[in-house]
Amino acid sequence: MTAPVFVVEQVPEGPEFVLEGPEGRHAVSVKRLRAGEEVVLTDGRGHWTEGVVGAAEGKDRLVLTGLGAVREEPVPGPRITVVQALPKGDRGEVAVETMTETGVDAIVPWQAARCITQWKGDRGLKSLAKWRNTAREAGKQSRRVRFPEVAEAMTTKQVAALLDAADFAAVLHEDRGHDSEPLATVRLPAQGEIVLVVGPEGGVSPDELAVFAAAGARTCRLGASVLRTSTAGTAATALLLGRTGRWS
């Protein structure tokens, strides 16, 4: 098991640092870390350092010693972005959590035509904050030091522009009446940007498919079975990470 990860605004140069506030409370009161245990500090943007617990003070202060040099994890390639249609209930957070744990690089909420959920006003702001917090916590849990970016919700037109700029773009869509290619064998770029679109439970509408096709997106399928919107992005991300060598 690798050392637990804690998030700081700026990774300290060392050699000593006091972790306090919510992260310090989690380390002391939840993780119950003790002297001699190793930890990782990261800003979630790829910068990180390792240290050793010197002492735990009170309920929310962890004194770290022996901090090494600040390192930076290279930006992985190809970069994988999943455009996720808004699911019902808490399935959005489930999708964000599992995609983050799997290794996705960016997540874009999408207000698709057939989405039942609507992100408007304060509700939209709260939902976006939940997605971003979920990505942060899942990034820590999975010992990542570069967390996925969670963009603001996009319209179909904005998603089309994102697809147009990608080195490889695809819409995950399974329909006997619509031609599609298996994502498992379609040709992928060695570097650059890969963008996948995951539709809502009701599927991507014909008009949306046409807009995305005009932007250069291909229509792909994962397999014979139809996955829920909250799991399709995770399965596709895992497949791409294996195929591109990022899991080698």
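From a predicted model like this one, the values you see are computed outputs, not experimental measurements. Just the heavy atoms: all of them, side chains too, but no hydrogens, waters or symmetry mates, feed the values below.
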* To do: Mind listing the closest non-hydrogen atom pair of Arg243 and Leu183 along with its distance?
  => NH1-O, 2.9 Å
* Structure fact -> In short, Thr229 meets Ala85 closest at the heavy-atom pair OG1-O, 4.2 Å
* To do: Calculate, to the nearest 0.5 Å, the distance between atoms NZ and CG belonging to Lys126 and Asn133 respectively.
  => 14.5 Å
* **Flag if over 12 foreign heavy atoms under 6.0 Å of CD, Glu38** => no
* Asked: Is there side-chain contact between Leu128 and Val150, with at least one heavy-atom pair below 4.5 Å?
  -> yes
* **Any side-chain heavy-atom pair of Glu149 and Ile107 under 4.5 Å** => no
* Asked: In terms of hydrophobic clusters joined by side-chain contacts under 4.5 Å, are Val52 and Val145 together?
  -> no
* **Pair Arg123-Thr117, side chain to side chain contact (heavy atoms under 4.5 Å, CB included): steps then yes or no** => CA-CA 10 Å; Arg123 178 178 180 178; Thr117 298; 4.0 Å; yes
* Would a 4.5 Å heavy-atom cut-off, applied to side chains only, mark Val83 and Val198 as touching? -> no
* To do: Measure the shortest side-chain to side-chain distance between Phe168 and Val195 over non-hydrogen atoms and say whether it is less than 4.5 angstrom.
  => no
* Shared hydrophobic cluster for Leu19 and Trp48 (ILVMFWY, side-chain gaps under 4.5 Å) -> no
* Keeping the roles fixed (side chain from Thr98, backbone from Val94), state whether a donor-acceptor pair exists under 3.5 Å. => yes
* Show your working on side chain to side chain contact (heavy atoms under 4.5 Å, CB included) between Lys140 and Val7 and close with a plain yes or no. => CA-CA 8 Å; Lys140 290 166 53 180; Val7 181; 3.6 Å; yes
* Asked: How about Gln141: does its CD atom have over 12 heavy atoms from other parts shown lying under 6.0 Å from it?
  -> no
* **Neighbour count above 12 (heavy atom, 6.0 Å) for Glu72 CD** => yes
* To do: Please name the pair of heavy atoms, one in Met154 and one in Val159, separated by the smallest distance, quoted to 0.1 Å.
  => CB-CG2, 3.8 Å
* Within-4.5 Å side-chain heavy-atom neighbours: Leu172 and Leu222 -> yes
* Asked: Is there a donor-acceptor contact under 3.5 Å from the side chain of Arg143 to the main chain of Ala3?
  -> yes
* Which distance, rounded to the nearest 0.5 Å, do you find between the CG of Leu241 and the CZ of Arg246? -> 5.0 Å
* Asked: Would Glu201 and Lys88 pass as an ion pair if we require N to O under 4.0 Å?
  -> no
* What do the steps show when you test Ile194 against Asp167 for side chain to side chain contact (heavy atoms under 4.5 Å, CB included), and what is the final call? -> CA-CA 6 Å; Ile194 293 176; Asp167 296 281; over 6 Å; no
* **Separation between CZ of Arg136 and CZ of Arg132, rounded to the nearest 0.5 Å** => 13.5 Å
* Structure fact -> Separation between NE2 (His173) and CG (Asp179), nearest 0.5 Å, reads 10.5 Å
* **salt_bridge(Arg71, Glu50) N-O dist < 4.0 Å** => yes
* Closest approach of Pro78 to Asp105 (non-hydrogen atoms, all atoms of both residues) -> O-OD2, 4.1 Å
* To do: For residues Arg144 and Pro148, determine if any side-chain heavy atom of one lies less than 4.5 Å from a side-chain heavy atom of the other.
  => yes
* **Backbone of Cys220 reached by a side-chain donor or acceptor of Ser180 within 3.5 Å** => no
* Closest non-hydrogen atom pair between Gly139 and Thr100, with its separation -> N-CG2, 3.5 Å
* Asked: Is there a side-chain contact between Leu196 and Leu240 (heavy atoms, below 4.5 Å)?
  -> yes
* To the nearest 0.5 angstrom, please state how far the CH2 atom of Trp247 sits from the OG1 atom of Thr102. => 5.5 Å
* Is Leu239 reachable from Leu227 through a run of hydrophobic residues whose side-chain heavy atoms are each under 4.5 Å from the next? -> yes
* To do: Answer yes or no: is there a donor N or O on one side and an acceptor on the other, between the side chain of Arg114 and the main chain of Gly202, under 3.5 Å?
  => yes
* Asked: Backbone N or O of Arg228 within a donor-acceptor pair of the Thr231 side chain at under 3.5 Å?
  -> yes
* In terms of heavy-atom contacts, does CD1 of Ile116 have more than 12 from other residues, nucleotides or ligands at under 6.0 Å? -> no
* **Pairing residues for Arg34 by the side chain to side chain donor-acceptor pair (under 3.5 Å) criterion, not counting sequence neighbours** => none
* Asked: Between Ile80 and Val108, is there a shared hydrophobic cluster once you connect ILVMFWY residues whose side-chain heavy atoms come closer than 4.5 Å?
  -> no
* Report yes if the side chains of Gln84 and Val197 come closer than 4.5 Å at any heavy-atom pair, otherwise no. => no
* Phe212, Val82: one ILVMFWY side-chain cluster at the under-4.5 Å cut-off? -> no
* Given Glu13 and Val70, is the side chain to side chain contact (heavy atoms under 4.5 Å, CB included) satisfied, shown in steps? -> CA-CA 6 Å; Glu13 298 283 344; Val70 177; 4.2 Å; yes
* Asked: How about Glu73: does its CD atom have over 12 heavy atoms from other parts shown lying under 6.0 Å from it?
  -> yes
* **Atom pair CD (Glu208) and CH2 (Trp110), whose distance is rounded to the nearest 0.5 Å** => 4.0 Å
* Is the backbone of Val171 close enough, under 3.5 Å, to the side chain of Thr219 for a donor and an acceptor to pair up by distance? -> no
* **salt bridge (charged side-chain N to carboxylate O under 4.0 Å, His left out) evaluation trace for Glu181 with Arg218** => CA-CA 8 Å; Glu181 307 171 79; Arg218 302 161 82 155; 2.9 Å; yes
* Please name the pair of heavy atoms, one in Leu41 and one in Pro12, separated by the smallest distance, quoted to 0.1 Å. => CD1-CG, 3.8 Å
* Would you say the side-chain atoms of Ser127 pair up with the backbone N or O of Gly124, donor to acceptor, closer than 3.5 Å? -> no
